[in-house]
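Here the structure is laid out as structure tokens; the discussion comes afterwards.
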Amino acid sequence: MSLVTLLPFIVLIGAMFLMTRSAKKKQQQAADMRNHMQPGSGVRTIGGMYATVKEVSDDTVLLDAGPGVDLLFAKNAIGAVLSDDEYNRIVHGVEHDLKSDVVPDDASSLTEADEPAAAAASDDKAVDFSKKDEKDEAEEPSDDAVAADAKADDEPKKTDGDTEAK
């Protein structure tokens, strides 16, 4: 057999070896994470439930899901062990902010306009921001045309005898 016929088999075996190796690495990392769980740490189960670890044994974990709610899970059902900051952010909505800047709820405190200037600005008449081209201004009907249209509307319209009155 030549090298050309063996090459596809060699590539296939190499790809399978690399895939199983990466899968074993991921399994080992997950097992290490589960083994390093301690009571008091926040976790997310594979079902998406967030809870606090209450007790850890060889194959099971006792989780505190809320006041008076203790749940027993298999260690394999723990999807992730979360840091304290991440757990508090997700479960309690507490943002750990390193900045000391406080952002106000409204924007009025961000602008420091003088009172007289603000009052003078409100006295100005409204500005029309609609688009009007020169063509539009030329096509606008004159007062005479508007009066003629109004007069035509006042005249009775010719009908073929049908009425809508019932």
Side-chain angles (χ1 to χ4, degrees), residues 1-140:
M1 292 180 104
S2 69
L3 184 63
V4 175
T5 56
L6 290 177
L7 187 62
F9 293 113
I10 294 171
V11 169
L12 183 64
I13 291 171
M16 288 175 47
F17 173 74
L18 291 175
M19 286 191 302
T20 57
R21 184 174 169 212
S22 66
K24 284 184 181 181
K25 274 187 177 179
K26 287 181 183 178
Q27 286 177 350
Q28 184 63 35
Q29 287 175 347
D32 289 342
M33 174 212 42
R34 291 182 187 114
N35 290 332
H36 289 96
M37 275 189 298
Q38 297 175 355
S41 60
V43 295
R44 181 182 67 235
T45 65
I46 58 174
M49 185 181 71
Y50 292 92
T52 305
V53 175
K54 197 171 188 180
E55 189 177 305
V56 179
S57 64
D58 291 337
D59 294 332
T60 60
V61 178
L62 185 65
L63 299 178
D64 181 22
V69 181
D70 293 337
L71 303 169
L72 186 64
F73 275 85
K75 269 190 177 180
N76 291 341
I78 304 301
V81 177
L82 307 172
S83 66
D84 290 339
D85 290 338
E86 185 178 6
Y87 181 77
N88 287 331
R89 180 183 60 81
I90 293 170
V91 175
H92 303 296
V94 176
E95 290 287 335
H96 179 71
D97 192 13
L98 297 176
K99 297 178 183 177
S100 62
D101 298 337
V102 177
V103 178
D105 290 338
D106 61 343
S108 63
S109 63
L110 296 176
T111 59
E112 296 179 5
D114 297 332
E115 293 294 327
S122 64
D123 292 339
D124 294 339
K125 62 180 182 178
V127 178
D128 184 18
F129 289 111
S130 62
K131 291 185 176 180
K132 288 188 177 181
D133 293 337
E134 293 174 10
K135 295 176 185 177
D136 292 340
E137 291 175 2
E139 292 176 2
E140 287 184 8

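Position 1 is the first residue of the sequence, and the numbers go up from there.
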Discussion item. I want to check something: taking the side chain as every heavy atom from C-beta on, are Asp59 and Lys75 in contact at a cut-off of under 4.5 Å?
Written reply: no
Worksheet, complete the sentence: Here the pair of heavy atoms bringing Ala51 nearest to Ala65 is CB-CA, 4.1 Å
Worksheet entry | Separation of Lys26 NZ from Gln29 CD (nearest 0.5 Å) | 9.0 Å
Practice prompt. Please round to the nearest 0.5 Å and tell me the distance separating atom CD1 of Ile90 and atom OH of Tyr87.
Written response: 9.5 Å
Practice prompt. Could you tell me whether the side chain of Thr60 and the main chain of Ser57 form a donor-acceptor pair under 3.5 Å?
Written response: no
Practice prompt. Calculate, to the nearest 0.5 Å, the distance between atoms OG1 and CD1 belonging to Thr45 and Ile78 respectively.
Written response: 6.5 Å
Discussion item. Could you measure the distance from the CG atom of Leu62 to the CG atom of Leu71? Nearest 0.5 Å is fine.
Written reply: 8.0 Å
Discussion item. Please report the interatomic distance OG1(Thr5) to CD1(Ile10), rounded to the nearest 0.5 Å.
Written reply: 9.0 Å
Discussion item. Minimum heavy-atom separation for Leu63 and Met49, please, with both atom names.
Written reply: CD1-CE, 4.5 Å
Item to complete: For Lys54, check salt bridge (charged side-chain N to carboxylate O under 4.0 Å, His left out) against everything at least two apart and list the hits.
Response: Asp70
Item to complete: Count the heavy atoms belonging to other residues, nucleotides or ligands that lie under 6.0 Å from CG of Asn35, then report whether that count exceeds 12.
Response: yes
Worksheet item: Is the backbone of Leu82 close enough, under 3.5 Å, to the side chain of Arg44 for a donor and an acceptor to pair up by distance?
Response: no
Item to complete: Evaluate the side-chain proximity of Val43 to Phe73: yes if any heavy-atom separation is below 4.5 Å, no if none is.
Response: no
Worksheet item: If you take all heavy atoms of Asp64 and Gly66, which pair is closest and at what distance?
Response: OD1-O, 2.7 Å
